[in-house]
K.L.:
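The structure follows.
Side-chain atoms are counted along with the backbone in the values below, which use heavy atoms only and exclude waters and symmetry mates. This structure is a prediction, so every number in the text was calculated from the model and none was measured.
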Amino acid sequence: MLTLSDTQTQVLSADGHVLVTGGPGSGKTTVSIFKAAAIGEHRLRPGQKVLFVGFARATVSRVLEAIEHEHQIPQERKRRIVVETYHAFFWRILKTHGYLIGLPRKLSILVPQEESVALSTIRGEYKPTSKLSDAEREEKRRRETEERQRLAFEEGRVCFDLFACSVATVLHGSARIRKLVSTMYPFVILDEFQDTNADQWHVIKAIGKNSTLLTLADPEQRIYDWIGADPERLSHFKAEFNPAEFDLGADNHRNAGTEIRLFGDHILSGRFHNAAYQGVECVRYEANSNQALTRLATSTLQARKRLIDSGRRDWSLAVLVATKRMTRAVSDTFRSPPAGLPKISHRAAVEMAGAILGSELLALIIQHKVGDRHFPRFIDMLCDFFRGKSGDSPSKTNLAEAEKIRKAYADYLARTGKGQRIRGNSLLVAVLSVYGQTQSAVPSGNPDTDWLAIRTVLEEGACPRLKTVAEELRNVRLLDRGTQLRQALSQDWRDNGGYRNALEIVRQTFVQEHFAMAHRPETGVIVMNMHKAKGKQFDEVIIFDGWPRVVKGRIVSNPGRIVRANSSEHDTEQTRQNFRVSVTRAKHRTTILTPRQDPCILLTHNDAMQPS
């Protein structure tokens with residue numbers, strides 16, 4: 001039987017708008033679930049529900065799991081709680097009412113990888129963001145915004161960045177629609193409220209006119225300043241709604257029995273005590289790639305053994321790094337560890353744009369060929385792969401690759417139109433060769449087998465560009481994303497004697513995943529960057545700090561560090577909050593790996609973190 005604290009009990013009995021604050025694991029989510037259940041029993045009319053809204057699907061999944069496993073809440077009350085991401089909630093409103101602000105009646109989501117392709121030409125005209133002047137940054141931002149608006153209002157393709165501002169316009173422009181939303185959801189719970197940006201806050205103000213709001217926030221866990229989170233957001237809420245306020249800050253349910261939470265709080269202040277922190281360990285390694293990655297691999301193997309020996313079922317170990325590039329480097333290391341160490345089975349949360357675009361290209365390959373548009377479409381999608389594979393920071397190399405493919409194809413068409421053979425040195429020779437091999441493969445009707453067979457052809461073929469596609473495909477196990485995709489492809493085969501709709505099926509799978517609420521709990525070893533760990537929790541966490549590149553005793557570069565370049569110039573409140581969030585994801589133990597030479601500057605004043 002779960003026992004609530006006195007403060008949590010006060011939250012349950014409070015009327016009107018409520019603001020609940022507290023640190024990681026303080027019980028904010030738990031009390032909100034019980035509050036929602038109590039509202040569902042006593043204060044809802046037939047058909048009404050309590051809406052719980054969170055940022056990350058992982059967080060939403062944990063809420064759903066907690067609701068499902070909370071035996072103190074009867075099943076009929078659980079059914080009156082709806083849990084969604086902000087994106088899913090906004091999309092439902094936009095899809096129904098977007099026409100009122102000038103959007104086309106028929107809308108589709110411009111998912112991130114498609115947005116990357118659509119904006120790649122604009123982005124490719126500029127240097128990396130860090131090298132742009134303020135005027136250049138503003139010009140780039142304005143041009144990207146104008147193109148997003150054009151795609152939405154002319155083509156009906158709406159990217160996630162436009163969801164909140166568009167919904168805010170709808171709700172503030174129509175009292176009737178506001179009342180419709182609030183009639184369905186008279187009580188709304190807002191998780192991670194400190195991270196809402198200006199547009200999301202504008203939506204919340206509209207909803208709060210007719211619905212009662214319960215906001216959950218950790219003032220010290222604001223990590224989304226870079227997308228508009230405002231440090232004054234809680235003050236805005238207090239001024240707008242005059243809520244009852246409750247602070248759960250002293251409670252700790254996630255890593256009780258350790259000093260992980262205390263250490264996280266001390267990261268923010270920079271003032272550590274001299275004794276070691278229970279549940280936190282700092283390990284040093286020599287500042288070179290071999291010894292750094294060997295130390296990481298051995299620490300991961302030791303942690304994995306601890307968790308297996310503990311007898312815990314479904315244990316989880318997160319290896320957190322500072323950058324996307326380091327995520328890939330660590331994943332590659334675990335696949336082929338140094339020093340004769342065994343491979344480490346893991347999942348890596350890498351940048352998915354290239355993997356998704358590659359998956360769509362493979363889906364087109366296995367799709368039943370109809371008419372003469374298959375190869376031209378293949379070329380279009382191969383160009384899009386290179387234009388979009390780097391996400392929102394397209395490289396000049398990848399953009400040039402797409403342009404080379406486009407020019408080679410134009411030359412190929414011109415020559416074949418005149419009855420001439422393709423140029424012997426054309427890059428399209430290898431593309432055509434491997435493409436032909438894929439079309440010669442005889443599908444079996446088993447999606448797993450056919451997917452792997454085509455990936456192998458791309459991997460072993462003579463075309464370096466299609467090898468790159470195959471490398472990206474290794475970062476996503478598409479058919480592990482649930483039986484729904486496998487069943488859809490199998491049904492497509494049974495209905496049509498071939499994969500006639502494979503591309504649309506795969507695209508819809510990725511669109512649906514953005515809104516999927518059934519998210520598997522993280523288990524085993526997971527590698528991800530620190531930002532992606534927000535909203536998650538693990539049995540153990542290892543934070544890997546990267547290492548400086550040293551030439552003749554002098555640091556010449558310092559990539560992949562917790563603090564950018566490990567420089568005091570970048571020791572900001574935001575950086576400390578990011579580090580605190582990562583440290584406090586662990587339930588039992590956090591291990592921090594940092595180089596002996598030039599250790600993480602956030603730890604250098606901590607005597608307890610200075611092993612001999």
K.L.:
Using 0.5 Å steps for rounding, measure from the CD1 atom of Ile379 to the OH atom of Tyr409.
P.N.:
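Rounded to the nearest 0.5 Å, the CD1-OH separation comes to 6.5 Å.
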K.L.:
Is it true that the side chains of Tyr277 and Arg261 contain a donor and an acceptor less than 3.5 Å apart?
P.N.:
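Distance-only check fails for Tyr277 and Arg261.
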K.L.:
Fit a plane to each ring of Phe544 and Trp547, take the angle between them on a 0 to 90° scale, and name the class: parallel (under 30°), tilted (30 to 60°) or perpendicular (over 60°).
P.N.:
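Rings of Phe544 and Trp547: tilted, as their planes differ by 30° to 60°.
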K.L.:
My understanding is that only one of Lys396, Lys140, Arg143 makes a salt bridge (charged side-chain N to carboxylate O under 4.0 Å, His left out) with Glu125; could you say which?
P.N.:
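One option only clears the test, and that one is Arg143.
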K.L.:
If you draw a 6.0 Å radius around CG in Asp134, do more than 12 non-hydrogen atoms from other residues or ligands fall strictly inside?
P.N.:
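No, not enclosed.
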K.L.:
Any chance you could measure Thr591, atom OG1, to Gln302, atom CD, to the nearest 0.5 Å?
P.N.:
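One finds 9.0 Å between OG1 of Thr591 and CD of Gln302.
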K.L.:
side-chain contact (heavy atoms from CB on, under 4.5 Å), that's the test. Do Arg284 and Thr594 meet it? Break it down for me.
P.N.:
CA-CA 5 Å; Arg284 301 293 183 90; Thr594 192; 3.5 Å; yes
K.L.:
Hey, are Asp332 and Arg328 close enough for a salt bridge, meaning a charged N less than 4.0 Å from a carboxylate O?
P.N.:
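No, Asp332 and Arg328 are not salt-bridged.
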K.L.:
If only side-chain N and O atoms count, and only distance matters, is there a donor-acceptor pair under 3.5 Å linking Arg387 with Ser120?
P.N.:
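Per modelled atom types, Ser120 and Arg387 side chains form a pair under 3.5 Å.
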K.L.:
Mind telling me whether Phe579 and Phe263 have parallel, tilted or perpendicular rings, with 30° and 60° as the class edges?
P.N.:
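Phe263 and Phe579: perpendicular rings.
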K.L.:
Is Arg142 atom CZ crowded by more than 12 heavy atoms from other residues, nucleotides or ligands, each under 6.0 Å away?
P.N.:
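It does: Arg142 CZ has more than 12 such atoms within range.
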K.L.:
Kindly write out the residues that satisfy ring pair (Phe, Tyr, Trp, His ring centres under 6.0 Å) with Phe334, not counting sequence neighbours, or none if the list is empty.
P.N.:
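Ring pair (Phe, Tyr, Trp, His ring centres under 6.0 Å) list for Phe334, sorted by chain: His346.
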K.L.:
Within the 3.5 Å criterion, strictly below it, is a donor on Asn558 or Asn566 matched to an acceptor on the partner's side chain?
P.N.:
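Asn566 and Asn558 do not have a side-chain donor-acceptor pair below 3.5 Å.
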K.L.:
Using a 6.0 Å cut-off, check whether atom CZ of Arg507 has over 12 heavy atoms from anything other than its own residue.
P.N.:
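More than 12 within 6.0 Å, yes.
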K.L.:
Any chance you could lay out the salt bridge (Lys or Arg N to Asp or Glu O under 4.0 Å) test for Glu569 and Arg564, step after step, and finish with the verdict?
P.N.:
CA-CA 9 Å; Glu569 176 187 354; Arg564 184 178 167 192; over 6 Å; no
K.L.:
Looking just at side-chain N and O atoms, do Ser390 and Asn398 make a donor-acceptor pair shorter than 3.5 Å?
P.N.:
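The answer is yes; a qualifying pair exists.
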K.L.:
Can you measure from OH (Tyr126) to CD (Glu144) and round to the nearest 0.5 angstrom?
P.N.:
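Going from the OH atom of Tyr126 to the CD atom of Glu144 covers 8.5 Å.
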K.L.:
Just by distance, do the side chain of Thr258 and the backbone of Gly279 share a donor-acceptor pair under 3.5 Å?
P.N.:
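Not confirmed, Thr258 side chain does not pair with Gly279 backbone.
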K.L.:
Looking only at side chains, do Thr298 and Arg295 share a donor and an acceptor under 3.5 Å apart?
P.N.:
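Yes, Arg295 and Thr298 have a side-chain donor paired with an acceptor closer than 3.5 Å.
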